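First comes the structure, then the notes that go with it.
Naming: A, B, ... by sequence-line order, numbering from 1 per chain. This is a predicted model, so every value here is computed, not measured. Heavy-atom basis, side chains included; hydrogens, waters and symmetry copies ignored.
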There are 2 protein chains.
Amino acid sequence: MKTIKDIAKALNMSPSTVSRALHNEDKISLFTRERVRAYADKINYKPNHFAQSLRKQRSLSVGVVLSSIPNSFFAEVINGIESVMNSKGYFTIITQSHESYAKELSNIGHLASRAIDGLLVSVASETKDFTHFKALQDMGMPVVFFDRTISEFPTHQLVSDGFKGSYLLTQHLIEHGYTRIAHITGAPHLSTTQERLGGYKRALQEAGIAYNPSFVKYTMRGGMSEEENQYAFAQLMTAQEKPEAITTASDRLTLSIFSLAIEKGFAIPQELAMGGFNNFPGTHLFSPSLTSIQQPAFEMGKTAAEMLIELIERKKNTPAAYTVKQLQPRLLLGNSTLKK
Amino acid sequence: MKTIKDIAKALNMSPSTVSRALHNEDKISLFTRERVRAYADKINYKPNHFAQSLRKQRSLSVGVVLSSIPNSFFAEVINGIESVMNSKGYFTIITQSHESYAKELSNIGHLASRAIDGLLVSVASETKDFTHFKALQDMGMPVVFFDRTISEFPTHQLVSDGFKGSYLLTQHLIEHGYTRIAHITGAPHLSTTQERLGGYKRALQEAGIAYNPSFVKYTMRGGMSEEENQYAFAQLMTAQEKPEAITTASDRLTLSIFSLAIEKGFAIPQELAMGGFNNFPGTHLFSPSLTSIQQPAFEMGKTAAEMLIELIERKKNTPAAYTVKQLQPRLLLGNSTLKK
DNA sequence: TTGAAAGCGGTACCAC
DNA sequence: GTGGTACCGCTTTCAA
């Protein structure tokens, strides 16, 4: 691997001149700049990233902690993040928590030792303690939360309007004649869970339908555990008072519960209507086509990345005015929630 | 950020001792080791990765170049790669080519300047020139190809048996009474394209069905371009001699062509049977459920990562004996290829 | 068993 | 405009 010193020696000048020439500084004569450039190209010189980072105390890379890459929602989010980071010259290191607190903790540790310049996080569903994020932030690391956030955390946050999404879906079901509507959701302490539940309740309330707590089922692993999902579904459908419609609050849950209902032989939507949060491509090809609340995943990644860059490149002493942004979800109608 | 020097000063010893103690070297007294460990823990010391990499001339990170993260197949592959890399202490930097040669080239450049220890590549469909990979390899960078490979490239390679997958699907269709079977595939120069086409041809040949070149359509962007897909589909279905079945050679193509057929109102499988390579979860919920060839994506990532680690950690002077591994795909039967 | 010091590749301050 | 050089944090050889 060729270094600046090699170039300096070959061209008979000092390393500092070479460095400056490569950075195209005006102080260096155009002639020298050209000579250096040409030679660097010729020997295919690449700056050593570690030396640069060590010296400049910044790595031009950011870390991402999210639940799972094969989840279509997050896959699209990553795409959005990378589109921004690449154009700004930053690298993106992605880690998966698989909804586990322990994994999240160890990922954060690894990322910290990589001296990343900033961190994008969608909190694992198991996580209830935030001191590991706070510790990083106190050390000067910019942190932005997206999707699953910690509302009381002092930093930029980006969420999709889960309240609205859930509200629209529930309202849609009510308009189509359903009144016994269930809601299967994630862990109760999560912001997303609370919002989505809130939208569901509000729609019921506005329609004058009494809220029935036994129609709401929580899953601690947010749909990642098939047993948990089956249990929640069974509890709902073996009760004396069964729901006529189920809404689901996350990608995994939606796919899993829909799949279960088909498996168990429920007629959809005649016997049981279904709809939920879902970013999988192709659910319009399901039988019946699935009514979904789609979140703007790519845009979420893109915007979160922009917020992070803003924090990273802000002057150190500028006091940060943290904002919380909300993106609007879309309700995509399918046949799984048709009028009875 | 605390450094080794801080620890040394606080404990009144030299940086070298601290370094050795942290690495648990026997030369250092147990007492000292414990003292250092305890203090390092207390101040939450994390080694500076850049300094380490700069000094040791290795980064403990690997680069990955693949087509697209939101593609379920690659998302699962990434999962497999990370499971190995994390356990071995390596970091994984993922880049997407979106099937573009230019993007692939620039990704490789970025990764190289990050001084990655190794590279995992699934070649972009546009790529026809391999000198950028060769250059890296000549500089001592271990490279492993997976999925979309360059067969003549001297290194470890890992593919799924596309010939077999395609053969099984075509054979299945023939057994169910179809004879006019089409095949929509990617760019003709790709190894995967040729294999999958090969399996298709072999099955036809064994059944004594004449190969009809007008039943094979190529897409240069491998399903990423909706226009291309529509054109290929239209060409097949507006010809005088229409196929009764279509097989598709990649995830994107399978989803896209299936979607098109539904949209255009074809009765599946009565009028047109469909099946193809597909790793999307949930196609059993399609209407009709989709016959698919599933590739072992997680295992592919896992094995490719292991092969790369093997190359990285091999002693420099050991001559490499490169191997080509094949993983077996599974044929998942659905209703989209039922007997007429 | 521990310490001193050189050096990994670049950058940036200070001279000239 | 250009050169000399200290230094970023860590590892490792040599010496003690």
Side-chain angles (χ1 to χ4, degrees), chain A residues 1-37 39-40 43-61 89 110 112-117 139-140, chain B residues 1-37 39-40 43-61 89 91 110-117 139-141 316:
Chain A
M1 218 45 179
K2 296 297 181 180
T3 75
I4 276 194
K5 286 176 189 166
D6 296 322
I7 302 181
K9 206 167 293 171
L11 263 42
N12 220 353
M13 49 180 79
S14 80
S16 23
T17 306
V18 175
S19 174
R20 288 189 273 243
L22 288 170
H23 287 276
N24 206 20
E25 289 183 18
D26 343 337
K27 301 269 187 176
I28 303 294
S29 73
L30 260 173
F31 175 70
T32 308
R33 274 187 257 173
E34 256 328 300
R35 227 157 64 92
V36 171
R37 290 272 201 76
Y39 187 73
I43 65 169
N44 193 25
Y45 166 79
K46 300 253 188 240
N48 181 310
H49 178 75
F50 300 113
Q52 252 170 340
S53 297
L54 181 60
R55 179 67 230 212
K56 303 215 280 199
Q57 303 287 37
R58 58 202 295 265
S59 62
L60 279 181
S61 58
H110 278 136
S113 80
R114 290 253 148 182
I116 51 169
D117 294 338
M139 285 163 50
Chain B
M1 219 42 178
K2 297 297 179 179
T3 75
I4 276 193
K5 284 180 191 166
D6 297 320
I7 301 181
K9 205 167 295 170
L11 265 41
N12 220 352
M13 49 180 78
S14 80
S16 19
T17 306
V18 175
S19 173
R20 286 189 273 243
L22 288 171
H23 287 278
N24 207 21
E25 289 184 18
D26 344 336
K27 302 268 187 179
I28 302 294
S29 72
L30 259 172
F31 175 70
T32 308
R33 274 188 256 172
E34 256 328 301
R35 228 156 66 91
V36 170
R37 289 273 201 77
Y39 187 73
I43 65 169
N44 193 24
Y45 167 79
K46 302 255 184 240
N48 182 310
H49 179 74
F50 299 112
Q52 251 170 338
S53 297
L54 180 59
R55 176 66 226 224
K56 303 216 278 198
Q57 301 289 43
R58 57 203 295 267
S59 62
L60 280 181
S61 59
F91 247 86
H110 278 137
L111 288 171
S113 81
R114 289 250 147 185
I116 51 169
D117 295 337
M139 284 163 51
M141 171 88 68
K316 291 274 162 155

* Does B:Gln52 have a side-chain nitrogen or oxygen under 4.0 Å from the phosphate oxygens OP1 or OP2 of D:dG9? -> no
* Asked: Reckon B:Ser16 touches a base, only the sugar-phosphate, or nothing at all at heavy-atom distances under 4.0 Å?
  -> base
* **Closest listed nucleotide, where the reference is the side chain of A:Tyr45 and the choices are C:dG3, C:dT11, C:dG10** => C:dG10
* To do: Nearest whole angstrom, please: distance from the C1' of D:dG1 to the CE of A:Met13.
  => 11 Å
* Give the nucleotide from the list C:dG3, D:dG4, C:dT1 with an atom nearest to the side chain of A:Arg20. => D:dG4
* Structure fact -> Nearest heavy-atom approach of A:Leu60 to A:Asp117 is N-OD2, 2.6 Å
* Residue-phosphate contact under 4.0 Å: B:Gln57 side-chain N/O, C:dG9 OP1/OP2 -> yes
* Give the rounded distance in Å between these two atoms: CG of A:Leu11 and P of D:dG3. => 10 Å
* Minimum-distance nucleotide (side-chain atoms of B:Thr3 versus D:dT2, D:dC10, C:dT11) -> D:dC10
* Which part of the nucleic acid, if any, lies within contact of B:Phe31, taking any heavy atom under 4.0 Å across all strands shown: a base, the sugar-phosphate backbone alone, or nothing? -> nothing
* Heavy-atom donor-acceptor pair, A:His49 side chain to B:His110 backbone, under 3.5 Å -> no
* Measure distances between side-chain N and O atoms of A:Arg55 and base N and O atoms of D:dG9, and say whether any donor-acceptor pair falls under 3.5 Å. => no
* Residue whose closest nucleotide on DNA chain C lies nearer the 5' end, B:Ile28 versus A:Ser19 -> B:Ile28
* Length of the CZ-C1' vector between A:Arg35 and D:dG1, whole Å -> 14 Å
* Can you check side chain to side chain donor-acceptor pair (under 3.5 Å) on B:Thr17 and B:Ser14, steps first, answer last? -> CA-CA 5 Å; B:Thr17 306; B:Ser14 80; 3.0 Å; yes
* Evaluate the side-chain proximity of A:Ile4 to A:Tyr45: yes if any heavy-atom separation is below 4.5 Å, no if none is. => yes
* Contact class for B:Ser53 (heavy atom, under 4.0 Å): base, sugar-phosphate, or nothing? -> nothing
* **side-chain contact (heavy atoms from CB on, under 4.5 Å) assessment of A:Thr32 paired with A:Leu11** => CA-CA 10 Å; A:Thr32 308; A:Leu11 263 42; over 6 Å; no
* Would you indicate what B:Ile4 reaches in the nucleic acid, counting non-hydrogen atoms under 4.0 angstrom: base, sugar-phosphate, or nothing? => sugar-phosphate
* To do: Take atom CG of B:Leu22 and atom P of D:dC10, then tell me their distance rounded to the nearest Å.
  => 9 Å
* Asked: For the pair made of CG in A:Asp26 and C1' in D:dT2, what is the distance, rounded to whole Å?
  -> 15 Å
* To do: Assign A:Lys46 to base, sugar-phosphate, or nothing according to its heavy-atom contacts below 4.0 angstrom with the strands shown.
  => sugar-phosphate
* How long is the line joining NZ of A:Lys5 and C1' of C:dG7, in whole Å? -> 8 Å
* Protein-nucleotide distance (B:Asp6, atom CG; D:dC10, atom P), rounded to Å -> 9 Å
* **Earlier contact from the 5' end, DNA chain C, for B:Lys56 and A:Thr17** => B:Lys56
* Passes side-chain contact (heavy atoms from CB on, under 4.5 Å), B:Leu22 versus B:Arg33? Steps please. -> CA-CA 7 Å; B:Leu22 288 171; B:Arg33 274 188 256 172; over 6 Å; no
* Roughly, in whole Å, what's the span from CZ in B:Phe50 to P in C:dT11? -> 14 Å
